Number of protein chains: 2
Amino acid sequence: MHHAPEVLKKEGHKLTPQRLMIWHILQAGRHLSAEDIHQEIEKKFPGIDLTTVYRTLELLVRLELVQESRFPVGPHQYEATDKLGHSHIICRKCGRVHHFDVADLLAAANRICENQDFSCADVELNISSVCNDCLKKDRS
Amino acid sequence: MHHAPEVLKKEGHKLTPQRLMIWHILQAGRHLSAEDIHQEIEKKFPGIDLTTVYRTLELLVRLELVQESRFPVGPHQYEATDKLGHSHIICRKCGRVHHFDVADLLAAANRICENQDFSCADVELNISSVCNDCLKKDRS
DNA sequence: CTCTGTGCAAAAATTTTGCATTTTG
DNA sequence: CAAAATGCAAAATTTTTGCACAGAG
């Protein structure tokens with residue numbers, strides 16, 4: 001779904017080149033930091049401000065077009081909501097992020113949400129552990 | 001398990017009053033920030049530095065006596081490893097944290113860890129969503 | 001033409017580092 | 001006494017805010 005432009009317009013927000021570029025980059029990548037996005041844009045269109053990236057991400061999160069996550073290491077990560085359908089497993093040491101399908105876990109997570117009086121829409125499930133690479137390095 | 005003092009000693013670290021107080025507070029509470037712990041100590045023993053709290057938490061995390069988590073809102077949260085046996089469900093808006101038993105989810109999470117070449121020990125499973133209170137507020 | 005969005009600069013919030021002094025074992 | 005830990009000050013990192021100017025509708 002590439003529907004951010006329509007949603008922005010419908011909600012009375014302007015379609016600036018900055019916003020379109022940020023959205024475009026979010027379509028390509030998963031779990032990007034504001035800094036990642038900023039650098040990516042700078043390659044082709046130098047001059048965009050990091051502040052603008054933060055403000056745009058905040059707007060997109062508010063409109064539920066983007067989801068923000070905090071992983072055990074590193075800065076906040078952003079990804080387009082339509083990229084979700086998966087969850088993260090993050091190494092607490094090196095920060096490497098893997099994905100897994102939520103199929104089976106999601107049902108259980110939804111049950112938990114109901115029990116705890118949380119909304120079941122857009123549940124995010126993050127597992128953190130230590131990847132075996134880091135475990136090996138620790139031993140040496 | 002109140003074993004931090006023994007582990008510290010065994011690993012050649014000193015048992016300072018600051019460390020003991022921090023550990024003591026971690027025994028009582030769940031998901032505390034460095035600032036929370038600092039303020040708690042200041043009530044009875046003014047003068048401890050926030051830096052010391054951070055350094056001690058880092059040490060305890062390194063010794064796997066404490067686990068650090070980042071939730072969707074707010075600063076890093078710390079809790080004693082022996083308090084774990086549960087996972088978190090966090091509201092992305094207000095940051096309220098609930099707990100749930102991992103019994104059933106843990107088996108699934110462990111399977112995922114193995115598939116992804118992560119260690120299954122001390123897996124942390126965090127669900128983030130929006131609590132129904134915040135959902136109601138949004139509507140008004 | 002108006003109002004929203006941007007860039008720049010500065011601040012805020014959180015965490016980390018350097019170094020002189022104190023404390024533990 | 002020697003090594004390690006603390007406090008203080010300063011820096012680093014990440015994110016947020018204020019304001020004048022520019023650009024979208």
Side-chain angles (χ1 to χ4, degrees), chain A residues 4-25 31-39 41-42 44-63 65-78 92-93 95, chain B residues 4-25 31-39 41-42 44-63 65-78 92-93 95:
Chain A
E6 294 91 87
V7 175
L8 284 169
K9 195 186 286 180
K10 190 173 58 157
E11 299 283 327
H13 299 284
K14 292 180 177 172
L15 291 180
T16 64
Q18 290 89 334
R19 284 174 179 172
L20 294 175
M21 284 190 285
I22 291 167
W23 179 247
H24 183 250
I25 286 169
H31 46 83
L32 300 167
S33 68
E35 187 60 46
D36 289 339
I37 295 170
H38 181 242
Q39 284 181 15
I41 296 179
E42 283 275 290
K44 302 194 175 175
F45 298 88
I48 188 175
D49 201 273
L50 224 202
T51 307
T52 302
V53 176
Y54 274 110
R55 276 193 277 231
T56 298
L57 289 170
E58 191 205 11
L59 174 64
L60 295 174
V61 167
R62 189 145 32 85
L63 296 175
L65 292 162
V66 162
Q67 185 163 313
E68 182 190 78
S69 312
R70 295 185 183 191
F71 292 161
V73 288
H76 300 180
Q77 306 287 118
Y78 300 87
R92 289 202 279 263
K93 304 255 179 187
Chain B
E6 295 91 87
V7 175
L8 284 170
K9 195 185 289 179
K10 190 173 55 151
E11 300 283 328
H13 300 283
K14 293 179 176 174
L15 290 178
T16 65
Q18 289 90 334
R19 286 176 176 170
L20 294 174
M21 283 190 284
I22 290 167
W23 178 248
H24 183 250
I25 286 168
H31 45 85
L32 300 166
S33 67
E35 186 60 47
D36 290 339
I37 294 170
H38 181 242
Q39 283 182 16
I41 296 178
E42 282 278 288
K44 303 194 174 173
F45 298 89
I48 188 175
D49 199 273
L50 223 203
T51 306
T52 302
V53 177
Y54 275 109
R55 276 193 276 231
T56 299
L57 289 170
E58 191 206 9
L59 174 64
L60 295 174
V61 167
R62 188 145 32 87
L63 296 176
L65 292 162
V66 162
Q67 185 163 311
E68 181 190 78
S69 312
R70 296 187 181 188
F71 292 162
V73 288
H76 300 179
Q77 305 288 119
Y78 300 87
R92 288 202 280 262
K93 304 256 180 189

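Predicted model, so just to flag it, every value in this text is computed and none were measured.
At the heavy-atom level, A:Gly12 lies nowhere under 4.0 Å from the strands shown. Residue-level contact check: A:Gln18 touches the backbone only, with heavy atoms under 4.0 Å from sugar-phosphate atoms and none from bases.
Using a 4.5 Å heavy-atom threshold, the side chains of A:Leu57 and A:Glu68 count as separate. Looking at B:Ile25 and B:Asp36, their side chains never come closer than 4.5 Å, going by heavy atoms from C-beta outward.
Contact annotation: A:Ser33 does not reach the phosphate of D:dT14 (side-chain N/O to OP1 or OP2, under 4.0 Å). Note on B:Thr51: every side-chain N or O is 4.0 Å or more away from OP1 and OP2 of D:dG7. The side chain of A:Arg55 contributes no N or O atom lying less than 4.0 Å from OP1 or OP2 of C:dG5. For D:dA5, the OP1/OP2 oxygens have a side-chain nitrogen or oxygen of B:His13 closer than 4.0 Å.
Comparing C:dG5, C:dT15, C:dT6 by their nearest atom to the side chain of B:His76 picks out C:dT15. Between C:dG7, C:dG5, D:dG7, one nucleotide has an atom nearer to the side chain of B:Thr52 than all others, and that is D:dG7. Taking every side-chain heavy atom of A:Leu50 into account, D:dT15 is the closest of D:dT15, D:dG23, C:dT24.
Taking the nucleotide of DNA chain C with the nearest heavy atom to each of B:Gly74 and A:Arg19, the more 5' of the two is matched to A:Arg19. Comparing A:Asp49 and B:Tyr78 against DNA chain C, the residue whose closest nucleotide sits nearer the 5' end is A:Asp49.
In this structure, CD of B:Gln39 is placed 14 Å from C1' of C:dT14, rounded to the nearest angstrom. Residue A:Lys14 contributes atom NZ, which lies 13 Å from atom P of C:dT2 at whole-angstrom precision. Distance, A:Tyr54 OH to C:dA9 P: 18 Å, rounded to whole Å. To the nearest angstrom, C1' of C:dT6 lies 16 Å from CZ of A:Phe45. For B:Ile48 and C:dT22, the CD1 to P distance is 18 Å, given to the nearest whole Å. In this entry the distance linking NZ of A:Lys9 with C1' of C:dG5 reads 17 Å, nearest Å. In this structure, CG of A:Leu57 is placed 15 Å from P of D:dT14, rounded to the nearest angstrom. Atom CG of A:Leu8 is separated from atom C1' of D:dG23 by 16 Å (rounded to the nearest Å).
Here the side chain of B:Arg19 pairs no donor or acceptor atom with the backbone of B:Ala4 at under 3.5 angstrom. Of the possible donor and acceptor atoms, one in the side chain of A:His38 sits under 3.5 Å from a partner among the backbone N and O of A:Ile48.
To the nearest 0.5 angstrom, A:Lys44 atom NZ is 7.5 Å from A:His24 atom NE2.
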